[in-house]
Amino acid sequence: MPVEGVWDLSVSTPIGLVEAVVELRREDGLLRGAAHGAGEEVPLGDVRLEGDRLTWKQAVTTPLRLNLAFDVTVTGDDTLTGTSRAGRLPASKVTGRRRTLPPAGEPRR
C-alpha cells in the first residue's frame with residue numbers, strides 16, 4: 001500500500017498533545033520526507049516501509065532538542081497508529097490521518 005502523501009499527526013507527549021504534518025514521497029525508489037510542526041521543518045531520516053509498518057527518525061528543537069524514532073502501523077489507506085520514542089523517555093502515542101485532496105474548486109482541509 002502506498003504511504004506517499006501528507007499525513008496529519010497527533011503525538012500524546014508528557015508535556016501535552018503535539019500536532020505535526022508529515023509529507024512522504026518516493027524518490028529514486030526510496031521513501032523520503034519532512035515533518036512540519038512547532039514552527040520548524042525537519043527532514044525525515046531512515047524512512048522504511050515493511051508491509052504495513054512504517055518507521056522513520058527525525059530531530060526536533062522545539063519545545064526541546066530531541067532525536068525521535070517513530071514506529072507506526074498504517075491501516076487501510078488513511079490511518080496510522082503507533083509510537084514515538086525519544087531516547088530513554090517513555091514512548092508517546094502517535095495517531096495520524098492522511099490528508100485527502102478535495103475535488104477541484106474546493107479548499108484543502
_Please give me the minimum heavy-atom distance between Pro2 and Glu4, naming the atom from each residue._
CB-OE1, 3.2 Å

*Are Val94 and Val60 co-members of a hydrophobic cluster defined by side-chain heavy atoms under 4.5 Å apart?*
yes

*Kindly give the heavy-atom pair with the smallest separation between Leu89 and Arg85, and that separation in Å.*
O-NH1, 2.8 Å

*asked:* Once rounded to the nearest 0.5 Å, what's the spacing between atom CD of Glu27 and atom CZ of Arg32?
replied: 5.5 Å

_For the CG atom of Leu49 and the CG atom of Leu24, what is their distance to the nearest 0.5 Å?_
9.0 Å

*In terms of hydrophobic clusters joined by side-chain contacts under 4.5 Å, are Leu66 and Trp56 together?*
yes

*If you take all heavy atoms of Val22 and Ala35, which pair is closest and at what distance?*
CG2-CB, 4.1 Å

*Shortest non-hydrogen separation from Ser92 to Ser12 and the atoms involved*: CB-O, 3.2 Å

*Give, for atom NZ of Lys93 and atom OG1 of Thr13, the distance between the pair rounded to the nearest 0.5 Å.*
13.5 Å

*asked:* Can you tell me how far apart CG (Leu80) and CG (Asp71) are? Round to the nearest 0.5 Å.
replied: 11.0 Å

*Leu9 and Phe70: which non-hydrogen atoms are nearest, and at how many Å?*
CD1-CE2, 4.4 Å

_Check against salt bridge (charged side-chain N to carboxylate O under 4.0 Å, His left out), Arg25 and Glu23_ = CA-CA 7 Å; Arg25 66 190 179 284; Glu23 295 182 53; over 6 Å; no

*Would you please test Trp7 and Val74 for side chain to side chain contact (heavy atoms under 4.5 Å, CB included) and show each step?*
CA-CA 11 Å; Trp7 295 84; Val74 180; 4.1 Å; yes

_Distance check, rounded to the nearest 0.5 Å: Leu31 atom CG versus Asp46 atom CG?_
11.0 Å

*Which heavy atom of Leu44 sits nearest a heavy atom of Gln58, and at what distance?*
CD2-OE1, 3.5 Å

_Between Thr79 and Arg97, is there a side-chain donor-acceptor contact under 3.5 Å, judged purely by atom types and distance?_
yes

*Is it true that atom CZ of Arg26 has more than 12 heavy atoms of other residues, nucleotides or ligands lying nearer than 6.0 Å?*
yes

*If you measure from OG1 on Thr100 to CG on Asp78, what distance do you get to the nearest 0.5 Å?*
8.5 Å

*Take Arg99 and Asp8, measure what side chain to side chain contact (heavy atoms under 4.5 Å, CB included) needs, and give me the verdict at the end.*
CA-CA 7 Å; Arg99 282 191 190 171; Asp8 292 310; 2.9 Å; yes

